[in-house]
Chemist: 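I'd like to ask some things about the structure below.
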Amino acid sequence: MNGKAVSDRSNSIKKNKEGSGMSVEAFFLKIKQKISRRDTMIFLAAFIAGLAAHLRVFVSDIPNHDGLSGIDFDQNMITSGRWFLTVACHISTDYTLPWVIGLLSLLYLGVVAVVLCRFFHLKHAYSGVLIAALLAVYPSLSSNFAYIFTADGYMLALLLAVCAVYMVERSKRGFLIGGLLLGFSMGIYQAYLAFAMVLALYGVCRGWFFAKDTKENLRLTARYVGMGVIGAVFYYLMLQILLKIQNTSLSGYQGIGSGSSQGIGSILINVYQDFAVHTLKGNILAQNTAVLAVAALLLLAAAFTLAVAFVRAGSLKNPLSLLCLLAAVVLLPVCFNVMLIISPEVTYHSLMRYQWVLLLVCAVAVIDRLGETLPMKKAACALPWMCVLSAAVMIFSYILTCNVAYFNLEKKWTKTYSYCLRLLDRIEQMEGYTYDMPIAMIGVVSEDTFPSTDLTVGVTDSLLGISGDYLVYTAQNYQDFWEYYFGVTVQLVDSGDIVDIYNSEEYQALDPFPAENCMVIVDGVLYVKTENKE
């Protein structure tokens, strides 16, 4: 295209903008101008790294136990406080479409990486690439994608939480929009509140450590607090309104809506203990001693860089900076574990611990911003290399961990298919059984008859929904598996009757499957025994 053609095209776009409205071409040109080459590079890094870590689960049908009932699910989880989840997940329909959900999830993650890198004001593109890759492959995400039917909704919640913090930095009144975004994020999944709080703490400390304008620092701190308050109030009000509209109440799941018998002192002790134990021995941040050493090296390098910059900026002579430093040390575990304060009875599993990736992300950001300003020339040169090599080792290790996790999930599905096929065949061959006959079964697979063959325990034991040998733990799991994968519908007894049946002489006299006497028909009900535990 010659210069005259380009000029004519630009003039045409300008006329369209000045006329009745913006043309399609002008609209996309404007969008393109707002996206830098660095943004594109960061987005692609997150997307490609995400594919390397999670492609296996995107192109397969390997659900976990909850996924059996989530194949066609409207995601109405308002009784768990997730009033916006159904809207967030409906973008990919109510069906479990792994490839569609996976692409949407990586799209959200890519935007998360871009927004986060803008928030950090990075100097170098390679730091953005490292941060994007760390975000996309951190092992706790494999737990998210094990629950693939809801993964895209959760990634949208993460994006809203990150954007909420970014809006505070972007404009003086951004905390208003940020509060609403945070409320919607919590309406999808409350756990990403911790992610937003850690970022907010970083943003506040950045101002107090190095900025000299005390009034502006106070305003910034107030905006972050205001964003959090608005988000919490908006979330709570919407929850109460929607609970009233749907004429329901919170279920008490994971301690939601219920009080705690623990005192505030016990809760705080638990918060600090959990932070230390999970960081050092949680088997997610580091799966072995070598990765732990590399992670420690990166964190120590960032701490050294921050300490030198703190001293050189004269912050040691500023009481407010010192007070902020002390507050940051005290509040950091609280921000990471805020869910243990909101709901002390919660089972704090890997889906709720994604914020630990921020330890590594913030370390990379600190070295990027301050590493080259160190007075020691050798250190200033070595730190970026240390950052790149350490992060690269962890990224590779995390990709392997995620793939090992999906390896075990696939083996769980295969073993479950084989087991359920054999069990269903025995049920159908039972003399007197008909498909309309109710079945009484507990559902747990006998560990004595079918010993564990999980080879990945050391890697996956901390990853919820992935570890173990089988997908079936309850009678409902069997019913779902048989219906969706075998096309066979069975009837279950009412859950209120199962305890009496379990304690009956007829049930206790049975031996667990695959024993010859593993099932019997009593008063028109088929008793099936799969385990022999008290």
Chemist: So, for F184 and W83, is the gap between ring centers shorter than 6.0 Å?
Modeler: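 Here the rings of W83 and F184 have centres that are less than 6.0 Å from each other.
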Chemist: Looking only at the side chains, is there a donor atom on one of D61 and Y485 sitting less than 3.5 Å from an acceptor on the other?
Modeler: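 The answer is yes; a qualifying pair exists.
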Chemist: State which residue, out of K411, K415, K412, fulfils the salt bridge (charged side-chain N to carboxylate O under 4.0 Å, His left out) condition with D469.
Modeler: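 Output: one option passes, namely K415.
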Chemist: Taking side chain as C-beta onward, heavy atoms only, is L106 less than 4.5 Å from F58?
Modeler: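 Yes; the side chains approach each other to less than 4.5 Å.
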Chemist: Are any non-hydrogen side-chain atoms of L239 and L250 less than 4.5 angstrom apart?
Modeler: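 Yes, close enough: below the 4.5 Å cut-off.
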Chemist: Checking the side chain of T530 only, and the main-chain atoms of V444 only, is there a donor and an acceptor separated by less than 3.5 Å?
Modeler: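 Yes: the side chain of T530 pairs with the backbone of V444.
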Chemist: Answer whether the closest heavy-atom distance between the side chains of L340 and F275 falls below 4.5 Å.
Modeler: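 Not in contact.
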Chemist: Does the side chain of L464 reach to within under 4.5 Å of the side chain of M352, using non-hydrogen atoms?
Modeler: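 No, side chains not in contact.
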Chemist: In this structure, which one of Y470, Y473, F149, W413 forms a ring pair (Phe, Tyr, Trp, His ring centres under 6.0 Å) with H65?
Modeler: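 Checked Y470, Y473, F149, W413 against H65; only one passes ring pair (Phe, Tyr, Trp, His ring centres under 6.0 Å): Y473.
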Chemist: Side chains of F407 and R56: closer than 4.5 Å at any heavy-atom pair?
Modeler: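 Heavy-atom side-chain distance check passes, below 4.5 Å.
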Chemist: Could you check I230 against F175 for side chain to side chain contact (heavy atoms under 4.5 Å, CB included), going step by step and ending with a plain yes or no?
Modeler: CA-CA 8 Å; I230 292 172; F175 72 96; 3.8 Å; yes
Chemist: Filter on side chain to side chain donor-acceptor pair (under 3.5 Å), then keep only pairs touching residues 85-103, sequence neighbours left out; what's left?
Modeler: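 Those involving residues 85-103 are H90-D94, S92-D152.
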Chemist: Would you check if the side chain of S142 reaches a backbone N or O of A405 as a donor-acceptor pair within less than 3.5 Å?
Modeler: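 No: the side chain of S142 does not pair with the backbone of A405.
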Chemist: Hey, does P344 have a side-chain heavy atom less than 4.5 Å from the side chain of N270?
Modeler: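 N270 does not reach P344 side chain to side chain.
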Chemist: Just wondering, do Y478 and L492 contact through their side chains at under 4.5 Å, heavy atoms?
Modeler: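 No; the side chains remain at least 4.5 Å from each other.
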Chemist: Measure from NZ or CZ of R206 to the centre of the six-membered ring of F119, then state whether that distance is under 6.0 Å and the direction lies within 45° of the axis.
Modeler: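 Checked: cation-pi criterion met.
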Chemist: Take atom CZ of R38 as the centre, draw a 6.0 Å sphere, and report whether it contains more than 12 heavy atoms from other residues, nucleotides or ligands.
Modeler: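 Counting other residues, nucleotides and ligands, CZ of R38 exceeds 12 neighbours.
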Chemist: When the ring centroid of F145 is compared with that of Y406, is the distance short of 6.0 Å?
Modeler: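 Not close enough - the centres of the two rings lie 6.0 Å or further apart.
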Chemist: Quick one: are L360 and L285 in side-chain contact, heavy atoms under 4.5 Å?
Modeler: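 In short, these two side chains touch, coming nearer than 4.5 Å.
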Chemist: Check each of F336, Y272, W356 against H278 using the ring pair (Phe, Tyr, Trp, His ring centres under 6.0 Å) test, and report the only one that passes.
Modeler: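 The residue from F336, Y272, W356 that satisfies ring pair (Phe, Tyr, Trp, His ring centres under 6.0 Å) with H278 turns out to be W356.
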